[in-house]
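Scope of the values below: all heavy atoms of this structure, side chains included, with no hydrogens, waters or symmetry mates. Remember, it's 1-based here, ligands and their atoms both numbered in the order they're listed. Everything numeric in this text was worked out from a predicted model, so none of it was measured.
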Amino acid sequence: MAGALVLKHRRTTLERVEKFLPELRSRLFRDTCPLVSLSCFQTPQRIPYDEAVRQEFRPAKVGDSFGPTWRTCWFKVELSIPREWMGKEVHLLWESDGEGMVWRDAQPVQGLTKEGEKTSYILTDGLKEAEPHSLTVYVEVACNGLFGAGNGSLIAPPDPDKKFTLNKAELVVFNRDVHELLVDFEILVGMATLLGEENQRSFQALYVANQMVNLLDVTDSSTFPAVHQLASSIFSQKNGESQHTIHAMGHCHIDTAWLWPYEESVRKCARSWVTVVRLMEKNPEFTFACSQAQQFEWVRNWYPGLFAQIQGYAKEGRFIPVGGTWVEMDGNLPSGESMVRQFLQGQRFFQQQFGRLCLEFWLPDTFGYSAQLPQLMRGCGIQRFLTQKLSWSLVNTFPHNTFFWQGIDGSRVLAHFPPGNSYSLIGDVEEMLKTMKNNRDKGRVNHSAALFGFGDGGGGPTQKMLDRLKRMRDTDGLPRVQMSTPDQLFSVLEKEGTQLCTWIGELFLELHNGTYTVQAQIKKGNRECEQILHDAEVLSSFALTQKSTFQYPSIKLQHLWRLLLLNQFHDVLPGSCIQLVVEDSMRYYAEIRSEGALLLKDAIQALFGKLLPTGSEMTESFLVLNTLPWERTEVVCRPGAETLALVKVPSMGYSAVNDSLTPIHPVTVMKQADGSVTMENGVIAAHLDSMGRVMSLRLAHSGRESILDGHCANQFVIFDDVPLYWDAWDVMDYHLETRKPITTLLTPLEIVLAGGLRGSVKFSLRISERSVITQEVILDAMCPYLRFLTQVDWNEAHRFLKVEFPWHVRSMNATYEIQFGHLQRPTHRNTSWDWARFEVWSHKWMDLSEHGFGVALLNDCKYGASVHENVMSLSLLRSPKSPDATADIGHHQFTYAMMPHRGSFQEAAVIHCAYNLNFPLHMVPAVSVQCPAWSAFSVHSPAVVLESVKQAEDRPDGLVVRLYESHGSTVATWLQTSFPVKEAINCDLLERPDLSSHLLLEEHGVKLTFTPFQVRSVLLILSQ
Ligand SMILES: [Zn+2]
């Protein structure tokens, strides 16, 4: 037969090979044998092994169903391997709808996931006489699939009543030779089909595959080696030197919570990683990159044996911790300080548990990346960044795969987007060719990454993926594929990267823009808890230096920070998760709120002790505490009373108050004959119509009008919000075509507070039969902004509520606050890059200014926004139905504020005002006012914000202060403190001191210089 010359028709030959494969595949498993016995017990809880095995197990059989959703079913499996299977590879074949974990000798040994192509546990590679033939294992089956339990589609809310069937449980002899041949054929068919008719290699692969069919007798294993050898002859033909090199790395993206709750992710990590460890035992070249300190911490606590094995492989450089952050957080919404803490908690964990810091920031699946990240990465020991998510952009194709990414301060990092556009490849020919072809930086770099392994719900790599990749190591016509590590990849990119291009500013994802708004309670929880932890740290630091016995609550604060950081995971803070996860996150926010309040109370007790009332005695006096680094004069409510007071409190400090200050200009509120109301405080003057719309907003001195003639600001509008698929995630451009103003008045405008220190008016509007807005519009004496305290009862489906402000300002760009700074985005839609940003994100403020005048909009818990031409919109509430059918239904409270200003927003202190709105003064009743005003810190330049004060992680005698330049200017300033500082040392964001960089302590404090948007940390060592 060999040597027979035949004409080969390409199509028939290819189909012949393909048709042959099912026959071969059917011989993968040879003999089978039933289990000796199978029994089970079900529990609604996720319980440890020790507890599970003590329960009463009842008989079970293949074909039985279990459930409902989220329960756990433990199976006791007694098995006996037949004597005649001596020397054979024997598997426990297990196919169930729910994800499983095999336990042997009280240790987790193998994850089993049908969707992750893992349905067998290798009992033995070749059964020996000495090995036990009979044993008992346990299989822990979760009543959820790899992607949760969506009712009918992936992102549909989970079906709570789903049943999960055990389809297969038996012993089989696995035919490893057949498996190897199948992989050979698969690669050859891939080459034959995908390299194309113009490529000689495609025909070579095809004819070899055809010859293999000729030679192979599936019933006679003695024919296998020659056939395998034939395939190898193709795979061993090498590439030329110029061929592209793919750095393959095992990976397993596990969403820390998404279509399943946090607790299930703990088990997903164990199932996935124990499988990785099994693969490492058999494949010495296999490497695996693994992110998210929180997941490692879970496995450390719940599966210490597995964690020890992981540490072992980490030492060998094969199980590779990457990312450096606590979780793979959202890349847009966390505050600057939160992002620092993601790295601080993450990197410190990796250092403690693995003896090294991560060198790469790793966010393959996050919905856009802040332009502040390059600086924060560099401050945390990281100069490399990997993602692929921008390949999801709907409108524009990002022009690079490997490039330098430069942030708003000029910091540069090396970024790589794996050109396969996925973090869960299966390692086939198609993907390797795609990785090579898609690389948009051809000629600049010739290396790229390929991350393989089932992801999102976990699962990870399989033996088959590894076997595929092995065959493509260096096969002429295919890219070179080497098992690699992130460090190896980036090292070679750094070496090759002299020709790389630079991308400046944010990496904006042109998709999933609804995630800035959906699940408003999560957003509010995030913003509030960021403020609570900020204040708890500031006041605890004050207490530390005021009272020597005070214990800084570092353990408690770390715990609360970690809860907040966990909730910043990229399917939780963005709101793209199921209801169970929302409930989890609300529990964590509640814990931060209540425990944070106790920390504040402890700090205040330590600070003021005797000044505080001990019982219920009535006190006229009170203390005001300011956690922000500038002096504030504000109207506040006296604690325990309804009355107001105008108070002045120094920068990051406190003062005692007995009598209210008298404002230069009291607030006046006047009702007009037509039902409209004017409000004025000597700084600004507003005129509201009976529906609460602002018809005029002027600067009192100049009379400059903020609102475009004939238009009204504070106009609520509603849109149909029906995405194409990703319901909670997406708001599509076409929603803008469905705009409807809300004009049904429920309660007309009426005066609540008539003026003096505070004036306010109230009204309510009907959104629909089921939804109502009530608003109190508040103007305080001396305050440069008008506040809108808003309540919404919201019960809508696929509708989007916004509020609009048509300003009397003309500018090509609007400014939006981001982490530790701000950036500009166009207000026009000239190019596709401009109009793709029809819905963007912002933090505490945004601003539209022309020369000499502008208007800012401040908010206390919103993130979605847009400015088109002169119309600013704040996105308030959405109502998607998947994956959480109850998303945002219910009561909401939030505040925003309009702030017209003279000059630039920097000159007008918009940034300070936005902080003031978000960090209310703390009021504490006091029995005495015998307490001088005190300021812990002040900063001379208004451009520099002292963002954080905290105890140093490794120095109980030190404080770390973090400051940033907020105006976009180069500036020198004094940081003044009343703390007894004996040393001031520059440190990085991980608080590692730069010992060569001691700062001079002078009479005015410490002199610090800043470049635009620079973030600096200083370690202050206190004298005892
Ligand atoms: Zn993800």
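Relative ring orientation between Phe296 and Trp273 is described as tilted, the plane-to-plane angle lying within the 30° to 60° band.
Only protein N, O or S atoms were scored, and 4 of them lie under 2.8 Å from the Zn ion (ligand 1).
In this model, a donor atom of one side chain and an acceptor atom of the other lie less than 3.5 Å apart for Glu530 and Ser335. When only modelled atom types and interatomic distance are considered, Asp441 and His400 share a side-chain donor-acceptor pair under 3.5 Å.
Glu430 CD: 12 or fewer foreign heavy atoms inside a 6.0 Å radius.
Checking Pro44, Cys143, Pro160, Pro261 one by one against Trp70, the side-chain contact (heavy atoms from CB on, under 4.5 Å) holds for a single residue, Pro261.
Among residues two or more places apart in sequence or in another chain, the side chain to side chain donor-acceptor pair (under 3.5 Å) test is passed with Thr113 by none.
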